[in-house]
Amino acid sequence: MTRKFFITTAIDYPNSRPHIGTAFEKIGADVQARYRRMEGYDVHFLMGNDENTVKVSRRAAELKRDTQEYCNDMANQFKEVWRALDISFDDFIQTSEPRHHAGCQKFIQKVFDNGYIYKGSYDGLYCDGCEGFKTEKEVKEAGGVCPDHKVAPVVRQEPCYFFALSKFQDRLLEYYEKNADFIQPDSRRNEIVTLVKTELRDVNITRLGQQWGIRVPFDPEFTIYVWFDALLNYITAIGYCSKPNGDAGAVGMSFEKWWPADIHFIGKDITRFHCALWPAMCFAAGIEVPTLVYGHGFITSGGEKMSKTLGNIVEPHEVTAIAGADGYRYYFMRECPFPGDGDFSWDRLKIVFNSDLGKNLGNLLSRVTTLIVSNYSCVLDGTAGQTPSPIVLNLANVVKEVRGHMEACQYNIALERIWRQILDPANQYVDKNEPWKLVKTDKDATRLVLFNLIEPLRAAAILLKPVLVRSSETIYRSFNFTQPWEKVSYADVANRPAQADDMRVIAKLDERGKVPPLFPVIK
RNA sequence: CCCGGGGUGGAGCAGUGGUAGCUCGCCAGGCUCAUAACCUGGAGGUCGCAGGUUCAAAUCCUGCCCCCGGAACCA
């Protein structure tokens, strides 16, 4: 029986286009999704946009556009960016969709019926210009005024509904205790445990007098506050509210099948919402709590936090333009430890791309294929059914190690292992055996050397499939392996499926009669 | 103030008591099949600071300094 695996990423505000920081999370999630699919899991990979915020409707108004139309346009732009990075999402939810609205209302009603929502009043700093409350922090940072309107906000009291978060303190702590892996990486755990132990307060989950947003079903004067709405995308997308008649539900999806989520990928800044508020909401509504929340690190640009004023915001297309989607994915997965922070710089991109991808990997393919093409007319006669002599002696261990790092989202370490344990030995083997010399005196021996060298290329291609989506396939399809590319899994790396035909180079050759460079050098 | 994480050659990291290691970059040599690639060797660190424990500390203890993070719309 295949195991289901439900992966989500945080939904993004569509106020501005995604940058390399936003994309970092999606790539990490995508690598996990692709890895799990290879390993035979039934994967559902969800992404989306968070549209029910005042900021979105205000931004649309500024542009003199209809809010919904603006959201749809932005959602299309986001999806375009994700596709350009080969992010293999299965579903993309917009929180303005009927399936989300219906699901949210069902959920909040359920929590209300279960007695965890009560009416009260909220004291806050209110800005007339914004027609909304500002946080103390916001006002303080702006020097005592509204950061947008530069006017001192007034204290205002307003009726609202509270979610009784504080009632779940014990259950939350017990859940953390029993599920040691719930919060990843471990460094985030303490923070949350302390938080829940010390300052768990009930939260205001409504707003008054807003047009855009989701109505509170038991009091339609109110709209649902964004966090109480946003988190629900994880369940509304998979049919939390689907009805037998199909009305408002996600087509063909089954909440029962997919929930709970196996991994929520989020930024470290919103860990608390996902590790405290969200599980409490699940308890309150009587649904299961997600299995794992993974709070990844942030990306700086040129050593600085990305900001408009510094002008160092980098958009994905700028990077793919010179490194391609695979170069892009490799850079961030290899250079930036997923649990921690990482930096992007153009210098570093060039170095990493040329050295790791061009020199170590791409050039290995070139030197091996060219020797086979020019000396053996592409075919290594008599190799059908043969087993190559291993260049990597402990390949099974390497696979085991890489697999462990992939599952722990330690992508940078997984990649480092592949380079050090597989590609370096392969390049050294070429140098030691000097097939270009050997071929002049012993063509049979050389044939075996080359045959052996195809093996680490096959291993690397398979192990890299989740990261180097396109070039791993190009490497694999340069040869006539019996096992189809669509079917390869990590298990095939050490347990090489029998090769039916003589090994040969089947890549399309360029005008020079060679296999074209995989990763042309960035000047 | 308090809590958590961290400070190791130019950059990024390993390393929890016993001659300080890896990747990239840099320099030199080798080689020439290959994307001027690849291989080998080298320079470069008083392991944040100051004490202490020990035959022996990056590694244990104490104090201090610095950086990052620490609930409300923020990737």
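The chains referred to below are lettered A, B, ... by the order of the sequence lines, with proteins before strands, and numbering in each begins at 1.
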For B:A28 and B:C66, measure between their P atoms and round to the nearest Å. 42 Å
Distance in angstrom units between A:Arg417 CZ and B:C13 C1', rounded: 12 Å
Is it true that A:Asp86 and A:Arg329 have a side-chain N and a carboxylate O under 4.0 angstrom from each other? no
With sugar-phosphate meaning primed atoms plus P, OP1 and OP2, does A:Leu165 contact a base, only sugar-phosphate, or nothing at under 4.0 Å between heavy atoms? base
Is the shortest heavy-atom distance from the side chain of A:Leu364 to the side chain of A:Val430 under 4.5 Å? yes
B:A72 and B:A58, which share atom name C1', separated by this distance in whole Å: 41 Å
What nucleic acid atoms does A:Ile266 come within less than 4.0 Å of, heavy atoms only: base, sugar-phosphate, or nothing? nothing
Quick one: is A:Lys359 getting a side-chain N or O under 4.0 Å of the B:G25 phosphate, OP1 or OP2? yes
Assign A:Ile299 to base, sugar-phosphate, or nothing according to its heavy-atom contacts below 4.0 angstrom with the strands shown. base
Describe the nucleic acid contact of A:Lys268 in one word from base, sugar-phosphate, nothing, applying a heavy-atom distance below 4.0 Å. nothing
For the pair made of CD in A:Glu315 and P in B:A75, what is the distance, rounded to whole Å? 14 Å
B:A14 to B:C22 separation - P atoms, rounded to the nearest Å: 16 Å
Has A:Asn375 got a side-chain N or O lying under 4.0 Å from the OP1 or OP2 atom of B:C33? no
A:Leu423 CG - B:C39 P separation (whole Å): 10 Å
Nearest-nucleotide pick for A:Ile351, side chain only, options being B:C39, B:G25, B:C22: B:G25
For the side chain of A:Arg367, counting heavy atoms from C-beta on, which of B:U35, B:C33, B:U40 is nearest? B:C33
Could you work out the separation of B:G44 and B:C39 based on their C1' atoms and round it to a whole Å? 22 Å
With sequence neighbours excluded, what pairs up with A:Tyr225 under the side chain to side chain donor-acceptor pair (under 3.5 Å) test? none
Work out how far the C1' atom of B:C27 is from that of B:G10, and round it to whole angstrom. 14 Å
Within the 4.0 Å heavy-atom criterion, would you say A:Leu364 contacts the bases, only the backbone, or no part of the nucleic acid? nothing
Remember a base hit wins even if backbone is also touched, and classify A:Phe24 as base, sugar-phosphate or nothing at under 4.0 Å, heavy atoms. nothing
Dot-bracket line, read 5' to 3' along RNA chain B, where crossing pairs take [ ] and | marks a partner on another strand, Watson-Crick or G-U under 3.5 Å: .(((((((.[[[[.)..(..]]]].(((((.......))))).....[[[[[..)....]]]]])))))).....
A:Val368 near the nucleic acid: base, sugar-phosphate alone, or nothing, with a heavy-atom cut-off under 4.0 Å? nothing
Considering only NZ, NE, NH1 and NH2 on the basic side and carboxylate oxygens on the acidic side, decide whether A:Lys167 and A:Asp202 come within less than 4.0 Å. no
Spacing of the C1' atoms in B:A43 and B:C1 (rounded, Å): 47 Å
Base, sugar-phosphate or nothing for A:Gly358? Non-hydrogen atoms, less than 4.0 Å. base
Contact class for A:Lys432 (heavy atom, under 4.0 Å): base, sugar-phosphate, or nothing? nothing
Is A:Phe344 close to A:Val319 at the side-chain level, that is, under 4.5 Å between some pair of heavy atoms? yes
From the list B:C24, B:C38, B:A71, which nucleotide is the closest neighbour of the side chain of A:Ser355? B:C24
Would you classify A:Thr53 as touching base, sugar-phosphate or nothing, given that sugar-phosphate means primed atoms plus P, OP1 and OP2, and contacts are heavy atoms under 4.0 Å? nothing
Listed once per pair and sorted, the salt bridge (charged side-chain N to carboxylate O under 4.0 Å, His left out) pairs that draw on residues 350-369 of chain A, sequence neighbours left out: none
Are A:Tyr331 and A:Arg348 packed together at the side-chain level, in the sense that at least one heavy-atom pair is separated by less than 4.5 angstrom? yes
Test: salt bridge (charged side-chain N to carboxylate O under 4.0 Å, His left out). Region: residues 421-434 of chain A. Which pairs qualify, not counting sequence neighbours? A:Arg420-A:Asp424, A:Glu434-A:Lys437
Given atom CG of A:Asn427 and atom C1' of B:U40, what is their separation to the nearest angstrom? 14 Å
Span that lies between the C1' atom of B:U16 and that of B:U59, in whole angstrom: 5 Å
By nearest-nucleotide position on RNA chain B, the 5'-leaning member of A:Asn15 and A:Phe519 is A:Phe519
Who passes side chain to side chain donor-acceptor pair (under 3.5 Å) against A:Arg272, sequence neighbours left out? none
Rounded to whole angstroms, how far apart are CD on A:Glu434 and P on B:U32? 7 Å
What's the closest nucleotide to the side chain of A:Arg334 if the choices are B:U35, B:U23, B:A75? B:U23
Considering only B:U35, B:C38, B:U32, which nucleotide approaches the side chain of A:Lys437 most closely? B:U32
Close aromatic pair by centroid cut-off 6.0 Å: A:Phe89 and A:Phe45: no
Inter-nucleotide P distance (B:G15, B:G7), Å rounded: 10 Å
Looking for any heavy atom pair under 4.0 Å, which part of the strands does A:Arg201 touch: base, sugar-phosphate only, or nothing? base
Taking the minimum atom-to-atom distance to the side chain of A:Gln428, which one of B:U40, B:U35, B:A71 wins? B:U40
With respect to the side chain of A:Phe273, which nucleotide from B:U40, B:C74, B:U23 is positioned closest? B:C74
Of the nucleotides B:U35, B:A75, B:C24, which has the atom closest to the A:Arg348 side chain? B:C24
Looking only at side-chain atoms of A:Glu25, point me to the closest of B:G70, B:A75, B:U35. B:A75
Which of the following nucleotides, B:G25, B:G30, B:A75, is nearest to the side chain of A:Asp431? B:G30
From CZ of A:Arg272 across to C1' of B:C74 the rounded distance in Å is 12 Å
Base, sugar-phosphate or nothing for A:Asn360? Non-hydrogen atoms, less than 4.0 Å. sugar-phosphate
Send over the distance from A:Ile183 CD1 to B:G4 C1', rounded to a whole Å. 13 Å
Spacing of A:Trp436 atom CH2 relative to B:C33 atom P, expressed in whole Å: 8 Å
Could you note down all residue pairs passing salt bridge (charged side-chain N to carboxylate O under 4.0 Å, His left out) where residues 440-452 of chain A supplies at least one of them, sequence neighbours left out? A:Asp444-A:Arg447
Name the nucleic acid region contacted by A:Arg512, choosing base, sugar-phosphate or nothing; use a 4.0 angstrom heavy-atom cut-off, strictly under. sugar-phosphate
